Novice: 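Got a structure for you, written out below as structure tokens; questions coming shortly.
We use all heavy atoms of the structure for the numbers below, so side chains are in, but hydrogens, waters and symmetry mates are not. As the structure is a prediction and not an experimental result, all values here were calculated from the model. Residue indices begin at 1 and follow the sequence shown.
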Amino acid sequence: MHSAVLLIEFGSIILGLGLLGRFAARFRLSPIPLYLLAGLAFGEGGLLPLGASEEFVSIGAEIGVILLLLMLGLEYSAGDLVTNLKAHYPSGLVDGALNALPGAAAALLLGWGPVAAVVLAGVTWISSSGVIAKVLGDLGRVGNRETPVILSVLVLEDLAMAVYLPIVTALVAGAGLLAGSLTLAIALGAAGLVLFTAVRYGRLISRFVSSDDPEKLLLVVLGLTILVAGVAQQLQVSAAVGAFLVGIALSGEVAEGAHTLLSPLRDLFAAVFFVFFGLHTDPASIPPVLLPALALALVTAATKIATGYWAARRAGISPKGRWRAGGALVARGEFSIVIAGLAVSAGIEPSLGPLATAYVLILVILGPLTARYTEPLATKLTAHRDSPKPPNTTSRLPEASVDSA
């Protein structure tokens, strides 16, 4: 009987997510806010709380995080990461300073303490690669001159995750200075080792994993990723970091094939993850934090636009391209929820989950709008400001009469 209820509940969730995804696609929206709202509806204090399938959804959500980070790692080779780091690290530093500090300051002003400040700094810092990539495709801007700048900022944020996530994991677990330093050292050592191995022996690794049979390739890549993620978590390093490093280590045809095979699984379990986050957020807890979330969203939307504008200007992009780059970076999504989820699971601050949910809902809706309208609005305003004033002919009439006299 219990298994029948589990199947009915989980089947209803998957069916509902599919319908929500189709609805979002019809209106060219990101489905993430709809998934979060679905989780709120079926979670604690929602319309129809789940029972039997919650544990199963929890496991699916953990797999979703692993696949999200794996797929991001597959997007870049180790050589690309090193090149981007050397060429665009100033943009990454500006990005971190402008967008992490407002989140940290907000947490301290709300009296949540230093650990919550570090977590909320990450929530406001990281843009949504998935939402931004979809928006760029929808707007036909993939070939624009500013697009490599946008992607470089996103790559640097992904790299920063390999350092940031172990720090957050140690902090929310209550590890002391020694344990936290050891965790960070292990994470940095693992990241460095994987990057070195990928650059030097990437072809050998890809050849070992490669297979002409899609079934075997899927099983090997998925099994390797979950295994490494589990080992990373056992070493007190985030499982997501382990998955990200596996993605970096794979390259060439293997990465392309794995990306194609794993994309449907990624979409499925990522949707389950967003629902799971919503399940653990009481809808009644959102209204008290709605105003701080809205204020934080507006501030960090402005700082992201400034980040993109500065990075594009540094790359020699025209003013219109600078505004487009800034507007495209506004959306937050999967990364912000992953970071907040670590703190929510550890019980750091009860209001952090609702604030992060409201914040992501606002910016995942606002992000596509800023990507579309920031440049034309800024162009119109600057053109109006810079337009020459008509000559004041009335003031010159007396001068003309005097001269003629």
Side-chain angles (χ1 to χ4, degrees), residues 28 30 72-103 122 124-161 248 297-336 363-388:
R28 300 177 67 181
S30 168
L72 283 170
L74 289 174
E75 294 288 342
Y76 318 109
S77 70
D80 292 337
L81 290 176
V82 173
T83 301
N84 275 296
L85 186 60
K86 289 180 178 179
H88 300 287
Y89 74 90
S91 300
L93 294 176
V94 170
D95 180 35
L98 289 182
N99 297 286
L101 290 178
T124 59
W125 174 14
I126 306 297
S127 298
S128 171
S129 300
V131 174
I132 291 170
K134 186 178 188 309
V135 169
L136 291 176
D138 290 343
L139 296 177
R141 296 182 183 173
V142 175
N144 284 17
R145 282 195 63 202
E146 74 274 2
T147 299
V149 176
I150 297 170
L151 296 179
S152 295
V153 173
L154 297 177
V155 168
L156 288 166
E157 289 180 351
D158 296 344
L159 276 175
M161 287 287 289
I248 293 173
L298 293 177
V299 169
T300 53
T303 55
K304 274 292 182 184
I305 292 174
T307 298
Y309 187 95
W310 187 88
R313 181 181 180 182
R314 181 174 177 271
I317 307 299
S318 67
K320 289 186 177 182
R322 298 171 196 172
W323 289 116
R324 287 195 296 267
L329 288 170
V330 167
R332 298 338 188 255
E334 61 276 4
F335 270 149
S336 299
L363 286 184
V364 84
I365 295 171
L366 184 64
L369 298 178
T370 59
R372 185 184 296 267
Y373 296 113
T374 296
E375 180 264 318
L377 181 60
T379 300
K380 184 177 180 180
L381 291 175
T382 53
H384 178 74
R385 184 191 64 188
D386 298 336
S387 59

Novice: CD1/Ile126 to CD/Glu157 distance, rounded to the nearest 0.5 angstrom?
Specialist: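 Output value for this atom pair is 4.5 Å.
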
Novice: For Arg141, is there any backbone N or O sitting under 3.5 Å from a side-chain donor or acceptor partner on Arg324?
Specialist: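 Judged by distance alone, no pair lies under 3.5 Å.
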
Novice: Closest approach of Leu363 and Ala297, non-hydrogen atoms and distance?
Specialist: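 Of all heavy-atom pairs spanning Leu363 and Ala297, the closest is CD2-O, 3.7 Å.
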
Novice: Between Leu136 and Ile150, is a side-chain contact (heavy atoms from CB on, under 4.5 Å) present by the stated rule, with each step listed?
Specialist: CA-CA 10 Å; Leu136 291 176; Ile150 297 170; 4.2 Å; yes

Novice: Apply side-chain contact (heavy atoms from CB on, under 4.5 Å) to residues Leu154 and Leu329 and explain how you reach the verdict.
Specialist: CA-CA 9 Å; Leu154 297 177; Leu329 288 170; 4.1 Å; yes

Novice: Closest approach of Gly308 and Ala325, non-hydrogen atoms and distance?
Specialist: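 Distance-wise, the nearest heavy atoms are O-CB, 3.7 Å.
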
Novice: Looking at Arg332 and Thr124, would you say the former's side chain and the latter's main chain have a donor-acceptor pair under 3.5 Å?
Specialist: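 Such a contact is found between Arg332 side chain and Thr124 backbone.
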
Novice: Using the side-chain contact (heavy atoms from CB on, under 4.5 Å) rule, take Ser128 and Val364 through it: C-alpha gap first, then chi angles, then the decisive distance, then the call.
Specialist: CA-CA 8 Å; Ser128 171; Val364 84; 5.8 Å; no

Novice: Looking at every non-hydrogen atom in both residues, tell me the closest pair between Gly321 and Ile317 and how far apart they are.
Specialist: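 Here Gly321 and Ile317 meet closest at CA-CG2, 3.7 Å.
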
Novice: For Tyr309 and Pro319, which heavy atoms make the closest approach, and how far apart are they?
Specialist: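 Reported closest heavy-atom pair: CE1-O, 4.4 Å.
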
Novice: Take atom CZ of Arg313 as the centre, draw a 6.0 Å sphere, and report whether it contains more than 12 heavy atoms from other residues, nucleotides or ligands.
Specialist: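 Atom CZ in Arg313 is not packed in, count stays at 12 or less.
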
Novice: Which pair of non-hydrogen atoms, one from Gly327 and one from Thr374, has the smallest distance, and what is that distance?
Specialist: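 Closest heavy-atom pair between Gly327 and Thr374: CA-OG1, 3.7 Å.
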
Novice: Quick check against the 3.5 Å criterion: does Thr382 have a side-chain atom that pairs as donor or acceptor with the backbone of Thr379?
Specialist: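 Between the backbone of Thr379 and the side chain of Thr382 there is a qualifying donor-acceptor contact (under 3.5 Å).
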
Novice: For the pair Ser91 (side chain) and Ala311 (backbone), establish whether a donor and an acceptor sit closer than 3.5 Å, ignoring hydrogens and angles.
Specialist: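 It does not hold such a pair.
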
Novice: Atom CZ in Arg145, atom CZ in Arg322: separation rounded to 0.5 Å?
Specialist: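 Answer rounded to 0.5 Å: 10.0 Å.
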
Novice: Looking only at heavy atoms, which two atoms of Asn144 and Pro148 are closest? And how far apart?
Specialist: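 Here Asn144 and Pro148 meet closest at O-CD, 3.4 Å.
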
Novice: Find the distance between OG1 (Thr147) and CG (Leu139) and round it off to the nearest 0.5 Å.
Specialist: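 Answer for the OG1-CG pair, Thr147 versus Leu139, is 10.0 Å.
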
Novice: Kindly indicate, with the supporting measurements, whether the criterion side-chain contact (heavy atoms from CB on, under 4.5 Å) is fulfilled by Lys304 and Leu98.
Specialist: CA-CA 8 Å; Lys304 274 292 182 184; Leu98 289 182; over 6 Å; no

Novice: How long is the span from the CD1 atom in Ile305 to the OG1 atom in Thr300, to the nearest 0.5 Å?
Specialist: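 One finds 10.0 Å between CD1 of Ile305 and OG1 of Thr300.
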
